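For reference, the structure discussed in these notes is given below.
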2 protein chains.
Amino acid sequence: MSDQTEGASHRPAPVHTHPDDVPLLTALSALADPVRIQLIRDLASHPDWALSCSNFDVPVGRAAKSHHFSVLRDAGLVEQRDQGPKRLNRLRREEFDARFPGLLDLTLRADDTE
Amino acid sequence: MSDQTEGASHRPAPVHTHPDDVPLLTALSALADPVRIQLIRDLASHPDWALSCSNFDVPVGRAAKSHHFSVLRDAGLVEQRDQGPKRLNRLRREEFDARFPGLLDLTLRADDTE
DNA sequence: CGCAGTGTTCGATGACCATCTTACAGTGCT
DNA sequence: AGCACTGTAAGATGGTCATCGAACACTGCG
């Protein structure tokens, strides 16, 4: 019983938080970081599931990058899916926008790069 | 020369930043604080210029409160005006909303206290 | 003038957070 | 099995920031 649809995946699946369960303060704090803004913008400019974590071009090491993705997951901004050794990413556009209307658009459309 | 329109006001006028000159990151960071969110909500629930700094009911001392108002000024969220010994406040609704559409509404309408 | 009320500034303190290095765990390929 | 690649976890470090206490400045009033 309790069979997974997947085969033997001996890796802890990433923990997600749905945007509906995210407090406003958490969302704002998650977006109030230049690296995470960059990650989100990169993500937005590619198709869903197109990028694995190592594909993002931010000036921090792997560990910090992993930390940032954890923050983005907790804020309901990013969904992750394991495929082979890679962890593919998807921006939760609609779900997040339903919870915080306009916030994501703001982050993506702001003219300044900071 | 260099006469001010005002009479002899021997107090440094508060320094303001127009929302148009505020980077996204600054705006988000300013809003990513529970005390400042509370200040903004209190401000929104009263008429313009109705509240002086000491009228806000947040669980911090005067010094911290003064600091928070400084942050809000720098983020283009609040305008201040001296009247007698008091410093009256006004939420820059329209100007801020023109620069960051929806962000202020989000902060005011969020159902949770965070 | 002295005094109460209001707000800012300064220095110190403590907490939180972003980052790094290192070590570790899966995955798939040869 | 061994190796290269990918991502996470743990511990340490440095910087930023929220807060406080105390001192200071300005206002208006008695």
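Being a predicted model, the structure only gives us computed values, none of them experimental.
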>> Using a 3.5 Å limit on both distances, find every run of at least three consecutive Watson-Crick or G-U pairs that involves DNA chain D.
In response: C:1-30 with D:1-30

>> Classify Ser70(A) by what it touches in the nucleic acid, base, sugar-phosphate, or nothing, heavy-atom distance under 4.0 Å.
In response: nothing

> What pairs with Glu79(B) under side chain to side chain donor-acceptor pair (under 3.5 Å), at least two apart in sequence or on another chain?
Replying inline: Arg90(B)

> Considering residues at least two apart in sequence or located in another chain, which fulfil the side chain to side chain donor-acceptor pair (under 3.5 Å) criterion with Thr107(B)?
Replying inline: none

> Going by heavy atoms closer than 4.0 Å, what residues in residues 72-80 of chain A are next to DNA chain C?
Replying inline: none

> Rounded to whole angstrom units, what separation is found between the NZ atom of Lys86(A) and the P atom of dG28(C)?
Replying inline: 12 Å

> Other hydrophobic cluster members with Trp49(A), side-chain heavy atoms of Ile/Leu/Val/Met/Phe/Trp/Tyr under 4.5 Å, chained?
Replying inline: Leu88(A)

> Rounding to a whole Å, what distance do you find between Arg81(A):CZ and dT27(C):P?
Replying inline: 15 Å

> With sequence neighbours left out, what residues match Ser66(A) under side chain to side chain donor-acceptor pair (under 3.5 Å)?
Replying inline: none

> Rounded to whole angstroms, how far apart are NE2 on His10(B) and C1' on dG7(C)?
Replying inline: 18 Å

>> According to salt bridge (Lys or Arg N to Asp or Glu O under 4.0 Å), who are the partners of Asp42(B), at least two apart in sequence or on a separate chain?
In response: none

Taking only N/O atoms, report every protein-nucleotides 16-21 of chain D pair under 3.5 Å with atom names and distance.
unit_1	atom_1	unit_2	atom_2	d
dA18(D)	OP1	Arg36(B)	NH2	2.9
dA18(D)	OP2	His67(B)	NE2	2.9
dT19(D)	OP2	His68(B)	NE2	2.2
dC20(D)	OP2	Gly61(B)	N	2.7

> Name the one of Val71(B), Leu72(B), Asp33(B) that satisfies side chain to side chain contact (heavy atoms under 4.5 Å, CB included) with Leu39(B)?
Replying inline: Leu72(B)

> Out of dC26(D), dT6(C), dT8(C), which has the shortest distance to the side chain of Ser66(B)?
Replying inline: dT8(C)

> In chain order, what residues pass the salt bridge (Lys or Arg N to Asp or Glu O under 4.0 Å) check against Arg92(B), with sequence neighbours excluded?
Replying inline: Glu95(B)

>> Measure CZ/Arg11(B) against P/dT9(C) and give the value in whole Å, please.
In response: 11 Å

> Rounding to a whole Å, what distance do you find between Asp82(B):CG and dG28(D):C1'?
Replying inline: 14 Å

> How about Arg62(A): does its CZ atom have over 12 heavy atoms from other parts shown lying under 6.0 Å from it?
Replying inline: no

> Between Arg87(A) and dG26(C), is there a side-chain N or O to OP1/OP2 distance below 4.0 Å?
Replying inline: no

> How would you list all residue pairs meeting ring pair (Phe, Tyr, Trp, His ring centres under 6.0 Å) that involve residues 60-97 of chain A, not counting sequence neighbours?
Replying inline: Phe56(A)-Phe69(A), Phe96(A)-Phe100(A)

> Rounded to whole angstrom units, what separation is found between the CG atom of Asn89(B) and the P atom of dG7(C)?
Replying inline: 8 Å

> How long is the line joining NZ of Lys65(A) and P of dG7(D), in whole Å?
Replying inline: 8 Å

>> Which residues pass the salt bridge (Lys or Arg N to Asp or Glu O under 4.0 Å) test with Asp21(B), not counting sequence neighbours?
In response: none

>> According to salt bridge (Lys or Arg N to Asp or Glu O under 4.0 Å), who are the partners of Arg87(B), at least two apart in sequence or on a separate chain?
In response: Asp82(B)

>> So, OP1 or OP2 of dC5(D): does either fall under 4.0 Å of a side-chain N or O from Ser54(A)?
In response: no

